[in-house]
Structure formats: C-alpha cells, structure tokens
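Scroll down for the structure; my scribbles are underneath it.
So you know, we letter chains A, B, ... as the sequences are listed, proteins then strands, and number each from 1. Remember, predicted model here, so these are calculated numbers, not experimental data. Every heavy atom of this structure was used, including side-chain atoms; hydrogens, water molecules and symmetry mates were not.
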Amino acid sequence: MPELPEVETVRRSLAGRITGLTIEKVELRLPKIAIALPGTLFTDALGGRRIIELGRRGKYLLLHLDGDETLVIHLRMTGRLIHLRPEERGAPEPAHTHAVFFLDDGSLLRYTDVRQFGTLTLMATAAALQQPGKGRLGPEPLAEDFSFPDFRNALAKRKTKLKPLLLDQSFLAGLGNIYADEALARAGLHPDRTADALDDEESRRLYDCIRTVLQEGIDAKGTSFRDYVDGEGRKGEFQEKLWAYGRERNPCRRCGGEIVREKRAGRSTHFCPRCQK
DNA sequence: ACGTTGTCCTGTCTGC
DNA sequence: TGCAGACAGGACAACG
C-alpha cells in the first residue's frame, strides 16, 4: 500500500528519469481511472505536454506539466508506475496495465493497478497543490513548518481515537494503515487512546515517532509488504524493520509481549497490548 | 463531531 | 483437490 514513504520513493526514482521529457502520446486502456478537466479528453489533453517537475503531497504524486497543469496520481493500494528505458520497452506488458505514456526519448511509463482503485487526474497546478483530492489535506508530517506545538494543539481538539485519527488525511497527510500502526507502536501508545487525553510527553513521543518512522521508511525505500515497487520496479526494505504491522503472534521488539491484530474502524490494527498504553 | 458501514476491485488465502 | 466465501484496504459517501 503506497503511503507517504512509498510515494516519495516513487517520486525520487522517477524524477531523474522523466523530468524534462515530453509526453508524445497516451494510451488509456481503462478510461474510468482517468479524469480530465471538464469538456476535455484526457489523452488529448496530455499529448505534447512537457513534464516540468515531480512533486508529492501526502500520498498524491504530482507530475507538474507545462501550461500550469498537473497530473495528480493516487496509487491507492495496488497502483504501480514503472518507467522503461528505450531498450526495455519490449518487456512484456504486465496484466492490468491501464495507461501507457510514450515519452519523447523513446521510453515508456506504464501505469498498472490490479484493483483499479487508483486514479489519474489532470487539473490546474494551483488546485493540485492546494487540494489534490476531494477533501482538504492536513499538514505534511515531514515539512519543516509542521511543528510540535501545532500538532499538540490539533490533538487537543480531537476526541477521537488515535488509530482512526492518524488515518484521517485531513488531520495529517500521508499515513496509511502500516505507518499509523508503526508510529503508535514506536510511541508506546495504544490505538484506542483518545487524542485529547494525551499529555505533553505522550504527544511529543507521537510527533517524534510519526516523523521518525516516515523518514526511516523513505530511507529504506518503502515497505514492500505485498505489491509495492518503486518507479524502477524495485522493492523496498522497510518490511524488515516493522514493529507491529504484519507481526501478529510475534514478540514485541520492545518488551517481548505478543503482538495482536484486532479490527479498528474496519481496519486491521496491530499493536502490543503490554507496552502500548 | 464521531463512529460505523458500504462501495469500488481482484488476487490470495481459508475453510469445508 | 475444488470451490465458495472472506479478506486486504484508501478515499469517499451515507447514515445513526
């Protein structure tokens, strides 16, 4: 599941390969995944556009194009964006390839998605930077201006439990099920704790652990628990460093207690009942 | 404001 | 072994 560290890794792996190239043609095999500006055809709108820069906001990958428009890509769970150099473009096309971008250096960008949940949306760059999805996005957890006092104040305003709160993209952008569980595990906080009941020290731990776990995820080039690979088709390594996610019935790395997996808000939630209080 | 459920989708796993 | 059903989940809508 591409979360912030995975999307950032895709961004970095693609940036050096496709920045500055022009999209000559797009083949869209599954039209429902693509959304263009009203009254325009997605494939027509992208042809001839130059890729200026690759950005990211939360879990959204942003391909900034000339003409002040941006292709907003959300990979959801199983989306993949793989770049093939000119000499690699004969490689067999994977199943579930929904869009192919032909670039002017002879290379290809293939978009595949088994579950068809991901989306490609073309919109004005200003709109993409402000709000790439339907709802408002919360702060970027790794940005310099994401301060502890702000986070502490935001926590104090919310009566909801930590697990659903961390998954709420309007509260904080970029955490998904894996990194939410990891941040809570590292912070030693129970997923059912109520946000406004955290004291200063606990809030500080959560703030620090969210940032640490995301940065370590990026450093390890993402978590390849099931499907995820970067823009060059490479798996990440953070799955080897997880404390909680996917480790049910295994010993807690901090206290040796048994990690459990229980449903919270419809999602599997992994934690150590002994040391996450 | 908060919590839950349903929707989308298909590959993989589980149970009989 | 084969098949049916459950499960995985990010964003969003709808409802209580």
When you check the side-chain N and O atoms of [X] and [Y], is any donor under 3.5 Å from an acceptor?
X	Y	value
T194(A)	K161(A)	no
Y179(A)	T223(A)	yes
D150(A)	S147(A)	yes

Counting the atoms with a prime plus P, OP1 and OP2 as sugar-phosphate, which does Y179(A) contact under 4.0 Å by heavy atoms, base, sugar-phosphate, or nothing?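 Nothing, no nucleic acid heavy atom in range.
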With a 4.0 Å cut-off on heavy atoms, is S268(A) in touch with a base, just the backbone sugar-phosphate, or nothing at all?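 Sugar-phosphate contact only - S268(A) comes under 4.0 Å of backbone atoms but never of a base.
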Linking Ile, Leu, Val, Met, Phe, Trp and Tyr by side-chain heavy atoms under 4.5 Å, what else ends up with [X]?
X	answer
I35(A)	none
I52(A)	none
V100(A)	L84(A), F102(A), L108(A)

Who are the side-chain contact (heavy atoms from CB on, under 4.5 Å) partners of L30(A), not counting sequence neighbours?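 Expected list: K32(A), I33(A), H98(A), Q116(A).
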Is H74(A) close enough to dG10(C) that one of its side-chain N or O atoms is under 4.0 Å from OP1 or OP2 there?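 No, no such contact exists.
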In whole angstrom, give the distance that lies between atom [atom1] of [X] and atom [atom2] of [N].
X	N	atom1	atom2	answer
I33(A)	dG10(C)	CD1	P	19 Å
D181(A)	dA8(C)	CG	C1'	14 Å
I73(A)	dA11(C)	CD1	C1'	17 Å
D113(A)	dA8(C)	CG	P	19 Å
L165(A)	dA1(B)	CG	C1'	12 Å
L155(A)	dC2(B)	CG	C1'	16 Å
R261(A)	dG9(C)	CZ	C1'	11 Å
L172(A)	dG10(C)	CG	P	15 Å

If the sugar-phosphate is the primed atoms plus P, OP1 and OP2 and the base is the rest, what is the B/S/- string for nucleotides 4-13 of chain B, using protein heavy atoms under 4.0 Å? ----BBBS--
Which of the following nucleotides, dG10(C), dA8(C), dA11(C), is nearest to the side chain of N177(A)?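 Among dG10(C), dA8(C), dA11(C), the one nearest the side chain of N177(A) is dG10(C).
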Nearest to the side chain of K159(A), which nucleotide is it out of dA11(C), dA8(C), dC2(B)?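 Of dA11(C), dA8(C), dC2(B), dC2(B) is nearest to the side chain of K159(A).
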Check whether F148(A) forms a cation-pi arrangement with R204(A) (NZ or CZ under 6.0 Å from the six-membered ring centre, at most 45° off the ring normal).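 Yes, cation above the ring, under 6.0 Å and within 45°.
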Which atom pairs, one a donor and one an acceptor, fall under 3.5 Å between side chains of residues 36-47 of chain A and the rest of the protein, sequence neighbours left out?
unit_1 : atom_1 : unit_2 : atom_2 : d
T40(A) : OG1    : L37(A) : N      : 3.3
T40(A) : OG1    : L37(A) : O      : 2.6

Can you pull out the residues from residues 216-225 of chain A that lie within a 4.0 Å heavy-atom distance of DNA chain C?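 Result for residues 216-225 of chain A: none.
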Using a heavy-atom distance cut-off of less than 4.0 Å, which residues of residues 125-137 of chain A contact DNA chain C?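 Contacts with DNA chain C under 4.0 Å: G133(A), K134(A), G135(A).
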For L214(A) against P141(A), the heavy-atom pair lying closest together: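 Residues L214(A) and P141(A), closest heavy atoms: CD1-CG, 3.5 Å.
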For D192(A), which residues count as a salt bridge (Lys or Arg N to Asp or Glu O under 4.0 Å) partner, sequence neighbours excluded?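 By the salt bridge (Lys or Arg N to Asp or Glu O under 4.0 Å) rule, D192(A) matches R264(A).
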Residue pairs, two or more places apart or on separate chains, that pass side-chain hydrogen bond (donor to acceptor under 3.5 Å, both in side chains) and touch residues 122-131 of chain A: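 As it turns out, the side-chain hydrogen bond (donor to acceptor under 3.5 Å, both in side chains) pairs with a partner in residues 122-131 of chain A, which skip direct neighbours, are T70(A)-T125(A).
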Has D68(A) got more than 12 heavy atoms of other residues, nucleotides or ligands less than 6.0 Å from its CG?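 No - once you tally the heavy atoms of other residues, nucleotides and ligands closer than 6.0 Å, there are 12 at most.
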Secondary structure of DNA chain B in dot-bracket form (Watson-Crick or G-U wobble, distances below 3.5 Å, | marking inter-strand pairs): .|||||||||||||||
Can you pull the ring-ring contact (aromatic ring centres under 6.0 Å, His included) pairs that have at least one residue in residues 251-277 of chain A, sequence neighbours excluded?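 Checked against ring-ring contact (aromatic ring centres under 6.0 Å, His included) - neighbours excluded - the pairs reaching residues 251-277 of chain A are H190(A)-F271(A), Y245(A)-H270(A).
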